[in-house]
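A short worksheet on the structure shown next.
Sequence positions, counted from 1, serve as the residue numbers for this chain.
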Amino acid sequence: AQVGRITTKVHQPLGFLTLSVVSNGQLSALCNALGLNGWGTNNMLIARIQKNLGKLLEDDTRIRREGIQALTEDEVEEATAERALSMQAD
């Protein structure tokens, strides 16, 4: 984090996403897309998003370490849903 700005490292190719310049409506929509409560002040929504992204980062690190093969189908479905992704079976 940088002094005076709330930043969250999202993913290395994307760099940093500065949430402090995003509107309340956009923060709310991002929360909703991530399955989080989208109601609150900007600071509340930013804290919620940062906490969620931190958990996802930890989960991604564990998945990379253990391998995707170690996940059950239910765990893969849960991981994709937590990341606002859809999973379609062929």
Side-chain angles (χ1 to χ4, degrees):
Q2 299 174 349
V3 176
R5 296 173 70 190
I6 299 173
T7 60
T8 299
K9 185 160 183 171
V10 177
H11 188 264
Q12 200 168 19
L14 297 177
F16 287 90
L17 172 64
T18 304
L19 296 175
S20 60
V21 297
V22 178
S23 74
N24 186 271
Q26 292 168 320
L27 291 169
S28 180
L30 180 55
C31 282
N32 290 330
L34 293 170
L36 306 172
N37 181 346
W39 180 88
T41 65
N42 284 8
N43 288 339
M44 291 169 63
L45 298 174
I46 289 169
R48 209 171 284 144
I49 291 166
Q50 288 178 323
K51 183 177 179 180
N52 182 265
L53 292 178
K55 288 180 182 179
L56 293 179
L57 181 61
E58 289 174 9
D59 196 36
D60 287 348
T61 301
R62 182 184 60 80
I63 292 170
R64 274 193 296 279
R65 185 178 58 247
E66 296 175 7
I68 191 102
Q69 315 83 308
L71 298 177
T72 65
E73 187 173 333
D74 287 342
E75 289 171 327
V76 172
E77 289 177 12
E78 182 179 344
T80 56
E82 287 173 342
R83 288 153 180 82
L85 303 171
S86 63
M87 186 175 106
Q88 296 177 340
D90 288 336

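Under the 4.5 Å side-chain heavy-atom criterion for ILVMFWY residues, no single connected hydrophobic cluster contains both L27 and M44.
Annotation: the span from E66 atom CD to T61 atom OG1 amounts to 11.0 Å, rounded to 0.5 Å. Taking NZ of K51 as the start and CG of L34 as the end, the distance is 14.0 Å to the nearest 0.5 Å. Atom CZ of R83 is separated from atom CG of L56 by 4.5 Å, given to the nearest 0.5 angstrom. Put simply, CG on L53 and CG on L30 are 7.0 Å apart, with the number rounded to the nearest 0.5 Å. Note that CG of D60 is 9.5 Å distant from CD of E82, once rounded to the nearest 0.5 Å. Rounding to the nearest 0.5 angstrom, the gap separating the CD atom in Q50 from the CG atom in L45 is 11.0 Å.
Panel note: side chain N32, backbone S28; a donor-acceptor pair is recorded below 3.5 Å.
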Practice task
Dump the intermediate steps for side-chain contact (heavy atoms from CB on, under 4.5 Å) on D59 and E78, then the final yes or no.
Solution key: CA-CA 11 Å; D59 196 36; E78 182 179 344; over 6 Å; no
Practice task
Tell me, with the steps shown, if Q26 and N42 meet side-chain contact (heavy atoms from CB on, under 4.5 Å).
Solution key: CA-CA 10 Å; Q26 292 168 320; N42 284 8; over 6 Å; no
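The two residues N24 and T41 have their closest heavy-atom pair at ND2-C, 3.8 Å. Shown here for G38 and C31, the closest heavy-atom pair between the two residues is CA-CB, 3.8 Å.
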